[in-house]
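Below is one structure, written out as structure tokens, with a few remarks after it.
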Number of protein chains: 2
Amino acid sequence: MTRSEENYLKIIFHLGGSNSTPITTNAIAEQMETKPSSVTDMAKKLAEKGLVNYKKYQGVSLTDQGTKTALSIIRKHRLWEVFLVKKLDFSWDEVHEVAEQLEHIKSEKLIDKIDELLEFPKFDPHGDPIPSKDGKFMVRDKQLLSEVAIGDKGVCVGVKDSSAPFLKFLDKNKIALGHTIQVLEKEDFDQSLHIAMEGRELRISHQIASNLYVKKNE
Amino acid sequence: MTRSEENYLKIIFHLGGSNSTPITTNAIAEQMETKPSSVTDMAKKLAEKGLVNYKKYQGVSLTDQGTKTALSIIRKHRLWEVFLVKKLDFSWDEVHEVAEQLEHIKSEKLIDKIDELLEFPKFDPHGDPIPSKDGKFMVRDKQLLSEVAIGDKGVCVGVKDSSAPFLKFLDKNKIALGHTIQVLEKEDFDQSLHIAMEGRELRISHQIASNLYVKKNE
DNA sequence: AATTAAATTTAGACAAAACTAAAAATAGGT
DNA sequence: ACCTATTTTTAGTTTTGTCTAAATTTAATT
């Protein structure tokens, strides 16, 4: 497996290509920041290796083998992110690009030992689930803060957008995973929210609320 | 800097190419497990970038910039080796190939944090010195066990051959860095040694003795 | 059903890093 | 100083992953 092949599989997985719904070459090209014609070439190669299903003009989806491989890369990526945050004091907005490199290190023992060192975490710093060695991962029933009803409470468990600017914004406003949030009021005009969190009240825009996941207190 | 360029610089450094003595393309090719013609191509490219001095048929040596770069890669390699042994319980015969991959990760913050986590080690698991950020490293005055006079004592501080088979042999015979060794007798016939170490006596071949470094107790 | 717009694939090319085979330069021995 | 053996370089290919431009297929609209 080359680095490039691994990146393709990862992106196809993220675009949902294991659910039998084929992904278009255009969509893949956009994510890979490359051209559709390059994607076609790679689709053929991956199909050759039995990692994707590919029919001309019909798009691409992962085979079982391809899904397994994609999950193992995602597992590595997310474990490295946890490592960087927990052991090396990286902030959650700095880990992605380093993890993009570390995820390609080839050593099963290495990643298993990292997993052990971290005491087998189930979620990465952005709240995304970490697949186990056999490709299983927790699906948490979470919802976007923007869809929580007025008066309801929830624990912040993840972010939808994990770009550095958004994460830095959250840091600046002391919004972090694990905090309990109650929706006090929704503004009809611009859908901004008035929320209570950790003993203080604040207003956040719809754009922020629609990129924060919360888990309702059952 | 591509991975390949980094590997060339590292190998040129190890062959002694910063001491103005140029290294032949043949020697580099052998270490790189490639052909001399490929080395010529790379020599041109590295010379172009100001990392090596290269004159046709005269061999290659590192410039100051090239030496600096080589040292930073060696620093990363050795720090990762320490990390693997100290934090993830790898044995010293398993670390090399994983460190070969990890040394190419590009993040200054990452390696500085690893250095800090390890409390700024000065030597790697094989006793080789770890260059500091500014490229300085300790030169320990050590000598091969095979050259120690009869009756003299020394502390085992490093290995010359750090291949897995040799390291495994040392483990099996409970020979480890930090142990004090006294040479009791040298066999004229085959230059094998009779040594005392950690309260026991054993015989080792010349080949073993000439791959173990000791530091004489001053 | 025909036409057009959009998406996708093909064909041909390129850059990096390697190779092989052949040519050129150097070094050693006489 | 010459010849030969060795080392090193050149020239031309290969592979991987990409690109552009052109051709083809699918989808959408009338």
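Proteins get letters first, then strands, A, B, ... in listed order; numbering begins at 1 in each. Since the model is a prediction, treat every value here as computed from it, not as a measurement.
At whole-Å resolution of the value, CD in A/E5 and P in D/dT18 are 10 Å apart. Whole-Å rounding puts the B/E30 CD to D/dT8 C1' distance at 15 Å. Atom NZ of A/K35 and atom P of D/dA22 are 16 Å apart (whole Å). When the P atom of C/dA18 is taken as reference, atom CZ of B/R3 falls 12 Å away, rounded to whole Å. Computed from coordinates, the B/N7 CG to C/dA18 P distance equals 9 Å when rounded to whole Å.
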For residues 122-129 of chain B, please give each side-chain donor-acceptor pair under 3.5 Å, one per line with the distance, not counting sequence neighbours.
{"residue": "B/K122", "atom": "NZ", "partner": "B/F120", "partner atom": "O", "Å": "3.0"}
{"residue": "B/D124", "atom": "OD1", "partner": "B/H126", "partner atom": "N", "Å": "2.7"}
{"residue": "B/D124", "atom": "OD1", "partner": "B/G127", "partner atom": "N", "Å": "3.1"}
{"residue": "B/D124", "atom": "OD1", "partner": "B/D128", "partner atom": "N", "Å": "3.0"}
{"residue": "B/H126", "atom": "ND1", "partner": "B/E81", "partner atom": "OE1", "Å": "3.2"}
{"residue": "B/H126", "atom": "NE2", "partner": "B/W92", "partner atom": "O", "Å": "2.9"}

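Distances shown here put a side-chain N or O of B/N26 below 4.0 Å from the OP1 or OP2 atom of D/dT8.
The side-chain heavy atoms of A/C156 and A/L212, taken from C-beta on, include a pair separated by under 4.5 Å. In this structure, the side chains of A/N7 and A/M32 come closer than 4.5 Å at one or more pairs of heavy atoms. For the pair A/W80/A/V98, no side-chain contact is recorded, criterion being any heavy-atom separation below 4.5 Å from C-beta on. Counting heavy atoms from C-beta outward, A/K10 and A/I74 have side chains that approach closer than 4.5 Å.
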Please produce a list of atom pairs where a protein N or O lies less than 3.5 Å from an N or O of nucleotides 1-3 of chain C.
none

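Using cut-offs of 30° and 60° for the angle between ring planes, the A/F169 and A/F166 rings count as parallel.
Distance check: A/Y54 OH to A/I12 CD1 gives 11.5 Å after rounding to the nearest 0.5 Å.
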Practice prompt. Mark up nucleotides 9-16 of chain D, 5' to 3', with B wherever a protein heavy atom is under 4.0 angstrom from a base atom, S wherever such an atom reaches only the sugar-phosphate, and - elsewhere.
Written response: BB-----S

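Across every non-hydrogen atom of B/E103 and B/H77, the tightest pair is OE1-ND1, 2.8 Å.
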